[in-house]
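Only one structure is covered here, and it is reproduced in the block below.
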Amino acid sequence: MNFSDSELIATILTKQNFQFVDSADQAEVILINTCSIRDNAEQRIYKRVSELQHLRKKNKQLKIGIVGCMSERIDDEKMIEEGKINFLVGPDSYKNISNVIFQSENERVTDVLLSHTETYEDIVPEKLIEQGISAFVAIMRGCENFCAYCVVPYTRGKERSRPPESIILEIQSHIDKGVAEITLLGQNVNSYQFSNNLKIITFPLLLDELAGFFPHVRFRFATSHPKDLSDELLHIMAKHQNICKSIHLPMQSGSSAVLHRMNRKYSREWYLQRIDSIYEILPGCTISTDIITGFCGETHEDHLETISAMKYANFFHAFMFKYSERKGTAAAKTMDDDVSEEVKSERLTEIIAIQTQLSKKHNERDIGQVFEVLVEGVSKRNDLELMGRTTGNKVVIFEGDLKMYPPGSYAKVKIDECSSATLKGCVV
Ligand code: SF4
């Protein structure tokens with residue numbers, strides 16, 4: 001989402017005659033696009049701002065601004081007061097960014113008002129870098145789920161969905177530049193809902209329309225909330241060969257008691273029933289997840305429930321973190337962060353080891369099978385090998401050259417070996 005926002009900002013500024021330079025020391029304005037989701041992401045931003053201060057000695061006119069989520073959280077504006085940055089621009093104020101930059105000639109400026117309506121539907125973002133075969137398209141913004149540990153509803157505001165016509169325009173512009181795979185993005189992508197005079201377009205309807213309209217493009221989407229993962233959506237995925245059979249479905253915990261405290265709005269049973277539906281309607285679909293370990297009040301039994309749910313769901317991949325309290329969230333205000341760091345670390349180590357085994361076994365089952373691999377380019381480790389992904393989002397390495405399999409083409413690859421992260425095979 002942040003990368004997509006950087007492209008949005010770049011497009012807005014380019015239209016207003018700003019130019020990009022290759023390095024920070026050539027710049028007159030430096031924008032730092034920020035993410036607040038984890039504390040260490042914020043700490044890295046503070047460090048980066050400090051590191052950039054030496055450039056002010058060379059260029060007294062240099063302006064440094066923070067844009068994105070963190071702008072909403074620097075409530076005491078300490079960095080502005082200390083003169084480390086010149087302005088703050090929130091995620092719904094990007095269209096005003098050039099005014100903020102010019103205004104900051106004379107004063108420190110803050111524009112962090114969150115909107116109920118801004119979707120940037122009238123802007124087709126330009127690519128910042130050579131985009132390769134994949135592109136991200138933000139279809140909705142914001143989140144109203146208020147999970148107890150999460151800052152996103154406070155930094156990104158209410159859910160707003162973009163009109164389908166503007167999504168189609170952006171996808172077409174990517175296709176014109178050679179993109180073969182589109183990932184539809186949203187903080188809560190499957191709660192997408194857009195109403196026009198004729199009907200209400202939900203996420204399954206949108207996906208159905210896009211997959212039919214662009215039959216040669218492969219579609220993915222992220223991130224799905226389990227409460228909004230309907231059977232209707234799974235049937236649409238089954239209907240279209242060009243919708244990837246892979247779902248990222250954050251579980252966070254396998255314990256209903258912890259999920260309740262997290263305000264996740266589903267139980268262990270609901271989550272596992274969604275897993276059953278995925279495997280029933282989409283046999284062979286891969287599922288990845290996010291897990292937080294050591295949330296407030298998590299007991300050893302809760303932790304064991306998470307492990308058993310991981311095994312039941314047979315995730316092929318997981319992002320796993322220790323809980324860390326985020327200022328301003330419901331958990332920070334109303335719950336004790338009462339699982340010790342030592343226990344959090346032990347539990348995290350344990351679930352990482354379990355997931356590594358699950359991933360390895362998942363990949364071992366692919367040995368001997370043939371997959372259609374969308375080629376992305378040359379493998380990073382070996383120039384004689386190519387790298388691509390299956391519909392299940394698994395990375396596949398195989399011998400080949402770009403003349404035969406240029407990026408964006410498909411190769412049929414039989415899998416011969418694997419690690420927990422990668423499949424390896426040869427073209428058949
Ligand atoms: S669904 Fe929950 S975790 Fe995800 S962005 Fe919204 S509040 Fe945060």
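Computed over heavy atoms, backbone and side chain alike; hydrogens, waters and symmetry mates excluded. Keep in mind that this is a model prediction, so the values were computed, not measured. Counting starts at 1 for both ligands and their atoms, in listed order.
Side-chain contact between His225 and Arg264 is present, with heavy atoms from C-beta onward closer than 4.5 Å. Met70 has its side chain within reach of Tyr46: a pair of non-hydrogen atoms, C-beta onward, lies under 4.5 Å apart.
With sequence neighbours excluded, no residue satisfies ring pair (Phe, Tyr, Trp, His ring centres under 6.0 Å) with Tyr410. Applying the salt bridge (Lys or Arg N to Asp or Glu O under 4.0 Å) rule to Lys47 yields the partners Glu51; only residues at least two apart in sequence or on another chain are considered.
Every pair passing ring-ring contact (aromatic ring centres under 6.0 Å, His included) that includes a residue from residues 181-220 is listed here, sequence neighbours excluded: Phe203-Phe221.
Close approach of ligand 1 to Tyr149 is summarised as follows: ligand atoms under 4.0 Å from at least one heavy atom of the residue are 3 (S).
Inspection of the environment of atom 2 (Fe) of ligand 1 yields the following protein N, O or S atoms under 2.8 Å: Cys147 SG.
In this structure, the ring of Tyr323 has its center no less than 6.0 angstrom from the ring center of Tyr149.
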